**Student:** 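Before anything else, here's the structure in question.
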Amino acid sequence: MTKTLGIIGAGMIGSTLARLAVDAGLNVVLSNSRDPETLSDLVSELGSRAGAATPAEAALAGDLVVVTIPLVAYDKLPAAALAGKTVIDTMNYYPERDGQISELDSGELTSSALVQRHLADSHVVKAFNNIFFRSLLTLARPAGAPDRSALPIAGDDPTAKTEAAQLLDTLGYDTVDIGTLADSWRSEPNTPVYVQPYLPGRPPEGAGQEEVMSWFLAVEGVPVPAHQVKELTDGAVRGPAGGKFS
């Protein structure tokens, strides 16, 4: 059972997962690409169950480890420290931010398979990549709640997927297993289950970037149960890799 969650990357998804984990009674060790002291405000806000460290230290401390950094930096992940660990990959491919990655553009690999290749001694599970951070925070519900949402997961190791599903359950979500890392494209950008189902609509037509972000931050999330996640992922059609980063 996960008692300590290591988090590499303390942006919107990373900090949201830290909040959910602390609320669920887990310990959290956060890290980013800078000095751990830069996380002091967040750690103080989260309370006594949270601490800051380097990425390698967070990797070693975590019973499970979440990696939630820009995909372009995947090869900076501390492979030795993550060896033998279940690693939850939240990352998506956005070419305008990450640059073109030939193995992804060609369809040879999914982004999570690329991460798994770098973390050859770890067990990568794709999760938390298809939901906006505010929706992730506000839609968490206890097990058995009638309005509980589900999130897709994908991975090659059955034990690692079980561990990931247990973490999602602890944090407030059901899971839908969509297959192996080769199948993880079904939850990537430009697929039916990506972000939109968890929102009540779309930003106003013609809104500028600031207005769009304000809209995302203001709206309430919409519960998406497991059967709907399964329908959406089963019906996905694979297109060009990558999404728009905005």
Side-chain angles (χ1 to χ4, degrees), residues 1-15 17-18 21 26-39 50-95 97-129 152-168 178-185 187-188 241-242:
M1 179 177 291
T2 302
K3 295 181 179 178
T4 299
L5 184 65
I7 301 179
I8 299 177
M12 293 182 292
I13 291 291
S15 59
L17 290 173
L26 302 181
N27 297 318
V28 172
V29 180
L30 286 150
S31 65
N32 61 15
S33 60
R34 299 172 292 162
D35 191 283
E37 290 182 2
T38 62
L39 296 170
T54 67
E57 289 167 344
L60 291 171
D63 299 308
L64 260 68
V65 182
V66 174
V67 295
T68 180
I69 61 176
L71 183 65
V72 67
Y74 81 92
D75 58 353
K76 305 297 192 299
L77 291 168
L82 289 167
K85 302 269 185 176
T86 292
V87 176
I88 297 177
D89 167 28
T90 81
M91 298 181 284
N92 287 312
Y93 176 41
Y94 303 108
R97 180 196 65 186
D98 301 319
Q100 302 297 144
I101 300 175
S102 60
E103 297 99 326
L104 305 186
D105 293 338
S106 68
E108 175 188 347
L109 296 174
T110 61
S111 61
S112 286
L114 187 69
V115 174
Q116 179 68 84
R117 188 175 70 180
H118 173 64
L119 302 179
D121 296 321
S122 304
H123 309 292
V124 174
V125 178
K126 187 78 160 189
F128 299 117
N129 67 299
I153 65 170
D156 295 340
D157 184 274
T159 300
K161 285 200 283 189
T162 296
E163 291 176 351
Q166 289 171 343
L167 176 66
L168 266 71
I178 62 172
T180 66
L181 295 180
D183 301 311
S184 63
W185 62 266
S187 68
E188 290 179 348

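Quantities reported herein were computed from a predicted structural model and do not represent experimental measurements.
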**Student:** Taking it one step at a time, do Asn32 and Thr38 satisfy side-chain hydrogen bond (donor to acceptor under 3.5 Å, both in side chains)?
**Tutor:** CA-CA 9 Å; Asn32 61 15; Thr38 62; 3.0 Å; yes
**Student:** Compare every heavy atom of Val29 with every heavy atom of Ala61, then report the nearest pair and how far apart it is.
**Tutor:**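 Closest heavy-atom pair between Ala61 and Val29: CB-CG2, 3.9 Å.
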**Student:** Would the distance check show the side chain of Asp98 and the main-chain N or O of Pro95 forming a donor-acceptor pair, the cut-off being under 3.5 Å?
**Tutor:**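 No, the answer is negative, given that no donor and acceptor are paired below the 3.5 Å cut-off.
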**Student:** Go through the steps to decide whether His123 and Asp156 satisfy the test side-chain contact (heavy atoms from CB on, under 4.5 Å), and finish with yes or no.
**Tutor:** CA-CA 8 Å; His123 309 292; Asp156 295 340; over 6 Å; no
**Student:** Would you check if there is a donor-acceptor pair between the side chains of Ser184 and Lys126 at a distance under 3.5 Å?
**Tutor:**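 Ser184 and Lys126 do not have a side-chain donor-acceptor pair below 3.5 Å.
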**Student:** Measuring from atom CG of Leu71 to atom OH of Tyr94, what distance do you get when rounded to the nearest 0.5 angstrom?
**Tutor:**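 Nearest 0.5 Å value for the CG-OH distance: 10.0 Å.
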**Student:** Check side chain to side chain contact (heavy atoms under 4.5 Å, CB included) between Thr68 and all other residues, then give those that pass, not counting sequence neighbours.
**Tutor:**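 Thr68: side chain to side chain contact (heavy atoms under 4.5 Å, CB included) contacts with Ile7, Ile13, Val66, Thr90.
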**Student:** Could you check whether any side-chain N or O of His118 sits under 3.5 Å from a backbone N or O of Leu77, counting only pairs where one atom can act as donor and the other as acceptor?
**Tutor:**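 Yes.
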**Student:** Does any non-hydrogen side-chain atom of Tyr74 lie less than 4.5 Å from one of Leu114?
**Tutor:**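 Yes. Closest side-chain heavy atoms under 4.5 Å.
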**Student:** For Ala79, does its backbone N or O pair with a side-chain atom of Asp121 as donor and acceptor, under 3.5 Å?
**Tutor:**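 Judged by distance alone, no pair lies under 3.5 Å.
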**Student:** If you round to the nearest 0.5 Å, how far is CG of Leu104 from OG of Ser112?
**Tutor:**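 The CG atom of Leu104 is 10.0 Å from OG of Ser112, to the nearest 0.5 Å.
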**Student:** Taking all heavy atoms of Pro78 and all of Ala59, pick out the closest pair and write down the distance.
**Tutor:**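 Heavy-atom minimum between the residues: CG-CB, 4.3 Å.
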**Student:** Hey, which of Val115, Asp157, Val65, Val87 is the one that makes side-chain contact (heavy atoms from CB on, under 4.5 Å) with Ser122?
**Tutor:**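 Going through the options one by one, the only one that passes is Val87.
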**Student:** Can you confirm whether the side chains of Asp105 and Tyr93 place a donor and an acceptor under 3.5 Å from each other?
**Tutor:**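 Short answer, yes.
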**Student:** Can you check whether Leu167 reaches Ile88 side chain to side chain, under 4.5 Å on heavy atoms?
**Tutor:**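 Yes, at least one pair of side-chain atoms sits under 4.5 Å.
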**Student:** With a 4.5 Å limit on heavy-atom distance, are the side chains of Val125 and Thr86 in contact?
**Tutor:**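 Contact flag for Val125/Thr86 side chains = yes.
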**Student:** Using side-chain heavy atoms (C-beta onward) and a distance below 4.5 Å, is Leu181 in contact with Val124?
**Tutor:**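 Result yes, sub-4.5 Å side-chain heavy-atom pair found.
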**Student:** Distance from Gln166 atom CD to Lys161 atom NZ, nearest 0.5 Å?
**Tutor:**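 Separation between the atoms: 14.0 Å.
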**Student:** Using modelled atom types and a 3.5 Å cut-off, is there a donor and acceptor pairing between side-chain atoms of Lys3 and backbone atoms of Asp63?
**Tutor:**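 Looks like no, no N/O pair under 3.5 Å.
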**Student:** Quick one: pull up CG in Leu64 and NZ in Lys85 and give me the separation to the nearest 0.5 Å.
**Tutor:**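 It is 9.0 Å, given to the nearest 0.5 Å.
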**Student:** Strictly distance-based, threshold 3.5 Å: is any side-chain N or O of Asn27 a donor or acceptor partner for the main-chain N or O of Thr4?
**Tutor:**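 Between the backbone of Thr4 and the side chain of Asn27 there is no qualifying donor-acceptor contact (under 3.5 Å).
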**Student:** Using the side-chain contact (heavy atoms from CB on, under 4.5 Å) rule, take Ile69 and Ile8 through it: C-alpha gap first, then chi angles, then the decisive distance, then the call.
**Tutor:** CA-CA 7 Å; Ile69 61 176; Ile8 299 177; 4.2 Å; yes
**Student:** Could you tell me whether the side chain of Gln116 and the main chain of Leu119 form a donor-acceptor pair under 3.5 Å?
**Tutor:**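 Here the side-chain-to-backbone pair exists.
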**Student:** So which heavy atom on Ser31 is nearest to which on Ala53, and how close?
**Tutor:**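 Taking Ser31 first and Ala53 second, the nearest heavy atoms are CB-O, 3.2 Å.
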**Student:** Using every non-hydrogen atom in the two residues, find where Ser187 and Pro152 come nearest and quote the distance to one decimal.
**Tutor:**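 So the minimum-distance heavy-atom pair works out to CB-CG, 3.7 Å.
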**Student:** Test your reading of the model: is there a side-chain donor-acceptor pair from Asp89 to the backbone of Ala127, 3.5 Å cut-off?
**Tutor:**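 No: the side chain of Asp89 does not pair with the backbone of Ala127.
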**Student:** Give the C-alpha distance, both sets of side-chain angles, the deciding distance and a yes or no for side-chain contact (heavy atoms from CB on, under 4.5 Å) between Glu57 and Leu60.
**Tutor:** CA-CA 5 Å; Glu57 289 167 344; Leu60 291 171; 5.7 Å; no
**Student:** Taking the side chain as every heavy atom from C-beta outward, state whether Pro70 and Arg97 have any pair of such atoms under 4.5 Å apart.
**Tutor:**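 Yes. Closest side-chain heavy atoms under 4.5 Å.
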